[in-house]
Amino acid sequence: MATGERGPLTARLARMTVPTDRHDKLGKLQASGVPTYPAGMSLPGRELIQDLLARADPGAPEGDRAVATIAGRVASVRDHGNSLFLDIKDDSGRLQAFVRKKTLGEAAFVLLKETLDLGDFVACRGELARTRMGEATVFTESLELLSKSTLAPPSEWYGLADVETRLRKRYADLIANPESFERFRARSAIVRDARHFMEERGFMEVETPMLHGIAGGAAAKPFRTHHNTLHMDLSLRIAPELYLKRLLVGGYERVFEIGRNFRNEGLSPRHNPEFSMLEAYWAYARMDDWIEACETLVADLAVAHGCHQRAVEATAEDETPAPELLESHLVVRGDRVIDYSRPFARRTYAELIQEYAGADVFDESSVLQAAEKHGVATGGRGVYKIVDDLFGTCVEPQLVNPTFVTHLPIALSPLSKASAEDPRVAERFELIVDGMELANAFSELNDPEDQRERFEAQVAERDPELPAEVDEDYIEALRYGMPPAAGIGIGIDRLVMLLTGADSIRDVILFPLLRARARDGEEAGDEESPSAEPRKDAHLKSEG
RNA sequence: GGGGGUGUAACUCAGUCGGUAGAGUAACGGCCUUUUAAGCCGUGAGCCGUGGGUUCGAGUCCCACCGCCCCCA
């Protein structure tokens, strides 16, 4: 907004496309000396609706009633001529306010009726009591305009259904769709609980760079950028892994980071170019320790937060959720009911490939044959890539209940230790839930020479999804000695999807990346940057 | 990149065989002393995604483009 702009409010708003009727109301309010966006506002005694209802009994007898001040958005108005019923909605809930001409005074009441709109923010002060119909209500003695709304909010009754509007104007989605509002609350609570879980187990939260010279720690195309003063090409991180492990070298034994990773790849219902991970490293631990910790974390979160989804499903069928349902390990997602009871299933990678793809992971001809049969591309690619595709096509979609997939091929695991029993497989697991990879963990490779060889093999592949050069600094760090350790990455967005029943990652990211919309009166795509970074600005937006 | 779907009022949606652009909600004007999807009477509201084509006539049929959704590569 043009905050520096001066001049009468109505004149400023007239230059914008304010609907005429709401524009007239602004003038009316100004003429009456009522500030539409008052400064220096203080609301002594203002309570959240939820707190008020917990503190005071609306059914208290006359003379014993609480006086309350509530503030929020006008969500509904029922006009009865000489009185109004308003629904006031705040962060915590919704409460009715009753406003009478007799109480408020003729002039104030008339002005209110002439100017009040859905979406306005107001404060109401008065006694909390019940109406004849038994509805808890603030019998308003004074009402104050806190902020005027000049655009009509989306219909509360029908909600906001248009997917594009919901994503581009998330605020409108949050106003109109309570399930969306609650879902992002659930996300916050899930992250908070996950953080608490890690802290309780003695892990220290750290922040590592998002700007990397060499984007390593995963196989993905990075977003590229440039630092002007240092004349450095940089990438947004695709994973924090190599920095977190440098901290193990430095002597911290348990570290974790919750944060954003960036991968310059396609969008899908389960992929957003920026997404959140919880990544943790644990010295002197092995893969099995993470199986225990991960299982505990996910199962506990499912009981604690899946209850929201169970309640949603129950209410959809007009049933009151039974108490045992709210404490269960069952969480609904679409037409699946996912059972998070411990222990989760444990299967080996080779076993699953055999069962669902009919191939022997360690036999090339068997893999090629299966690829042919299942329509997986083979041309000019390493066997392990084909196996990986077979797993994604044939196995992953079949695993609905949480399943630890262990003994992944070492060729797919360039940063993990090989198993002591079988050098062909890594000491590694992936946790698959409802066909999605939710977590990935392994015993960390700490042999600098072995690591160098694997990096060099990656560079030799000349794959745009793999680093183009060896991260010498990381190798050097390993030379100083890294304790034996195991690490894990847990996809936060997917975790929230699973526990809230969301179908798309966009339903759990407040502001997902969307194609830039051509502005009116401009030729779209005409003089757009011809470079390979068409959406650079969407990511590198500076606050400065 | 390929295929399918979709785009109509602020919101949710109808729109038949190609023949004057519709409803509910919201808004606006009335009536109404406790309603709750308040009610009743009345009014206004549209670049039918954009551009082209076929036709006497296009929201509707055809082509291209744009956005969004889904599937596939």
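Chain identifiers are assigned alphabetically (A, B, ...) following the order of the sequence lines, protein sequences preceding nucleic acid strands; residue numbering begins at 1 within each chain. Remember, predicted model here, so these are calculated numbers, not experimental data.
Of the side-chain N and O atoms in A:Lys25, none sit less than 4.0 angstrom from OP1 or OP2 of B:A27. For B:A38, the OP1/OP2 oxygens have no side-chain nitrogen or oxygen of A:His80 closer than 4.0 Å. For B:G67, neither phosphate oxygen OP1 nor OP2 lies less than 4.0 angstrom from any side-chain nitrogen or oxygen of A:Arg168.
Taking all atoms of both residues into account, the shortest heavy-atom contact from A:Gln458 to A:Pro414 is NE2-CG, 3.4 Å. Minimum interatomic distance between A:Arg263 and A:Ala239 (heavy atoms only, all atoms of both residues): NH2-CB, 4.2 Å. Here the closest heavy-atom approach between residue A:Thr393 and residue A:Pro397 is recorded as O-CG, 3.5 Å.
Side-chain contact check for A:Leu390 versus A:Tyr356: every heavy-atom pair is 4.5 Å or farther apart.
Along RNA chain B, the nucleotide closest to A:Arg78 and the one closest to A:Lys113 are compared, and the more 5′ of them pairs with A:Lys113. When each of A:Trp157 and A:Lys102 is assigned the nucleotide of RNA chain B bearing its nearest heavy atom, the one mapping closer to the 5' terminus is A:Lys102.
Residue pairs meeting the side chain to side chain donor-acceptor pair (under 3.5 Å) criterion with at least one member in residues 129-144 of chain A, sequence neighbours excluded, are A:Gln96-A:Thr137. Within the structure, salt bridge (Lys or Arg N to Asp or Glu O under 4.0 Å) pairs that include any residue of residues 392-401 of chain A do not occur (at least two apart or interchain). Applying the salt bridge (Lys or Arg N to Asp or Glu O under 4.0 Å) definition to pairs two or more places apart or across chains, those involving residues 74-89 of chain A are A:Arg78-A:Asp87, A:Asp79-A:Lys113, A:Asp87-A:Arg94, A:Lys89-A:Glu156. Here salt bridge (Lys or Arg N to Asp or Glu O under 4.0 Å) pairs that include residues 360-370 of chain A, with residues two or more places apart or in two chains, number zero. Within the structure, every pair that satisfies the side chain to side chain donor-acceptor pair (under 3.5 Å) test and touches residues 430-439 of chain A, not counting sequence neighbours, is listed here: A:Arg333-A:Asp434, A:Arg336-A:Asp434, A:Arg428-A:Glu430. Identified under the salt bridge (Lys or Arg N to Asp or Glu O under 4.0 Å) test for residues 177-187 of chain A, with sequence neighbours left out: A:Asp91-A:Arg185, A:Glu182-A:Arg185, A:Arg187-A:Asp493.
Under the rule for a side-chain contact (heavy atoms from CB on, under 4.5 Å), A:Glu372 has no partner lying at least two apart in sequence or in another chain. With sequence neighbours left out, A:Ala71 forms a side-chain contact (heavy atoms from CB on, under 4.5 Å) with A:Leu43, A:Arg46, A:Ala123, A:Leu146.
Near RNA chain B, meaning a heavy atom under 4.0 Å away, the residues from residues 120-140 of chain A are A:Thr131, A:Arg132, A:Met133, A:Glu135, A:Phe139.
Rounded to whole Å, the separation between the C1' atoms of B:A21 and B:G44 comes to 15 Å. Taking the P atoms as reference points, B:C48 lies 44 Å from B:U35, given to the whole Å. Nucleotides B:G57 and B:C61 place their C1' atoms 13 Å apart, quoted to the nearest Å. Comparing the P positions of B:A10 and B:G46 gives an interatomic distance of 8 Å, to the nearest angstrom. Rounded to a whole angstrom, the distance from the P atom of B:G1 to that of B:A23 is 43 Å. For the P atoms, the distance from B:G49 to B:U60 is 8 Å, rounded to whole Å. The gap from the P atom of B:G51 to that of B:A58 amounts to 15 Å, rounded to the nearest Å. Comparing the same atom, P, in B:G29 and in B:G22 gives a spacing of 25 Å after rounding to whole Å.
The distance from atom CD1 of A:Ile70 to atom CG of A:Leu52, rounded to the nearest 0.5 Å, is 7.5 Å.
For the residue pair A:Ser180/A:Asn177, the side-chain donor-acceptor check at 3.5 Å is not satisfied.
Looking at the side chain of A:Asp117, the nearest of the listed nucleotides B:U34, B:C28, B:G67 is B:C28. Nearest to the side chain of A:Pro269, among B:C71, B:C68, B:U34, sits B:C71.
Rounded to whole Å, atom C1' of B:A37 lies 16 Å from atom CG of A:Asp79. Remark: P of B:C70 and CD1 of A:Ile505 are 12 Å apart, rounded to the nearest angstrom. Atoms CG (A:Leu118) and P (B:U36) sit 17 Å apart, rounded to a whole Å. When the P atom of B:U33 is taken as reference, atom NZ of A:Lys101 falls 9 Å away, rounded to whole Å. At whole-Å resolution of the value, NE2 in A:His271 and P in B:C70 are 13 Å apart. Following rounding to the nearest Å, A:Leu86 (CG) and B:A38 (P) show an atom-to-atom distance of 12 Å. Separating the CZ atom of A:Phe98 from the C1' atom of B:A38 is a distance of 13 Å, rounded to the nearest angstrom. The NZ-P distance, from A:Lys169 to B:C68, rounds to 15 Å in whole Å.
Within 6.0 Å of CD on A:Glu465 lie more than 12 heavy atoms contributed by other residues, nucleotides or ligands.
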>> Walk along nucleotides 4-14 of chain B from 5' to 3' and tag each nucleotide B, S or - by protein heavy-atom contact under 4.0 Å, base first, then sugar-phosphate.
In response: -------SS--
Show the distances under 3.5 angstrom between N or O atoms of the protein and N or O atoms of nucleotides 41-43 of chain B.
none

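Among the atoms of the strands shown, base atoms are found under 4.0 Å from some heavy atom of A:Gln96.
Note on A:Lys385 versus A:Asp388: no salt bridge recorded, every NZ/NE/NH1/NH2 to OD/OE distance being 4.0 Å or above.
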> Once Watson-Crick and G-U wobble pairs under 3.5 Å are found, how is RNA chain B written in dot-bracket notation, 5' to 3', with | for any base paired to another strand?
Replying inline: (((((((..((((.....[..)))).(((((.......))))).....(((((..]....)))))))))))).
